[in-house]
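Read the structure below first, then the notes.
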Amino acid sequence: MISLSSYAFVSMMLFSIGAIGVISRKNIFVVYMSIEMMLNGINLFFATFAKYHFNIDGQIISIVGISIAAAEAAIFLSVIILLFRSKKSLDTDIFTSLAQGDKK
């Protein structure tokens with residue numbers, strides 16, 4: 001049987017790797033995937049502690065979080081496509097100004 005500390009360690013590692021990816025990367029898609037990794041680490045943490053305390057609330061919160069992440073994924077990926085079509089790159093340094101009249 002796998003202990004609570006093992007699950008907590010894996011969830012903290014997922015969150016930490018995601019946070020490092022958000023801070024260190026410049027590609028918008030990689031930043032988005034790092035945010036999703038952080039969210040999955042949090043969901044694993046909630047589900048682990050719900051199982052440990054024999055309570056279903058954490059698992060419900062995880063399922064709600066997953067469903068919100070699915071809706072957020074559709075919106076975020078469509079925004080990424082629009083940004084790529086407008087600037088022909090996904091580098092975050094290019095997107096300093098998102099004004100509609102900006103022609104740079």
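These values consider heavy atoms only, across backbone and side chains, with no hydrogens, waters or symmetry-generated copies.
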Inset, instruction - Working to the nearest 0.5 Å, report the span between CD1 of I63 and CD1 of I56. - result: 7.5 Å
Inset, instruction - Check the angle between the aromatic planes of Y32 and F29 and answer parallel, tilted or perpendicular using the 30° and 60° thresholds. - result: tilted
Inset, instruction - May I ask whether L44 and F49 are part of the same hydrophobic cluster, defined by side-chain heavy atoms of I, L, V, M, F, W, Y residues being less than 4.5 angstrom apart, directly or through others? - result: no
Inset, instruction - Check the surroundings of atom OH in Y7: do more than 12 heavy atoms from other residues, nucleotides or ligands lie under 6.0 Å from it? - result: no
Legend entry - Minimum side-chain heavy-atom gap L14-F45 below 4.5 Å: no
Legend entry - Same cluster (ILVMFWY, side-chain, under 4.5 Å), V30 and L39: no
Legend entry - Pairwise distance CG(N43) to OG1(T48) - rounded to 0.5 angstrom: 10.5 Å
Inset, instruction - Check whether any side-chain heavy atom of N27 lies under 4.5 Å from a side-chain heavy atom of D91, and answer yes or no. - result: no
Inset, instruction - Answer yes if L77 and L83 sit in the same cluster of Ile, Leu, Val, Met, Phe, Trp and Tyr residues linked by side chain heavy atoms under 4.5 Å apart, and no otherwise. - result: yes
Inset, instruction - Look up atom CD1 in I42 and atom CE in M37, then write down how far apart they are to the nearest 0.5 Å. - result: 13.0 Å
Inset, instruction - Write down the atom of A69, the atom of E36, and the distance for their closest heavy-atom approach. - result: CB-OE1, 3.8 Å
Legend entry - Min side-chain heavy-atom separation F76-I28 under 4.5 Å: yes
Legend entry - Nearest atoms (heavy-atom pairs only) where G21 meets V31: O-CG2, 4.5 Å
Inset, instruction - Considering non-hydrogen atoms only, spot the tightest contact between I2 and S6 and give its length. - result: CG2-CB, 3.5 Å
Legend entry - CG/L82: more than 12 non-hydrogen atoms of other groups inside 6.0 Å: yes
Inset, instruction - Hey, could you give me the CZ/CG distance between F46 and N55, rounded to the nearest 0.5 Å? - result: 12.5 Å
Legend entry - Inter-residue atom distance I75.CD1 - I80.CD1, 0.5 Å rounding: 12.5 Å
Inset, instruction - Working to the nearest 0.5 Å, report the span between CD of E72 and OG of S67. - result: 11.5 Å
Legend entry - Non-hydrogen atoms of S11 and G41 that approach each other most closely: CB-O, 3.2 Å
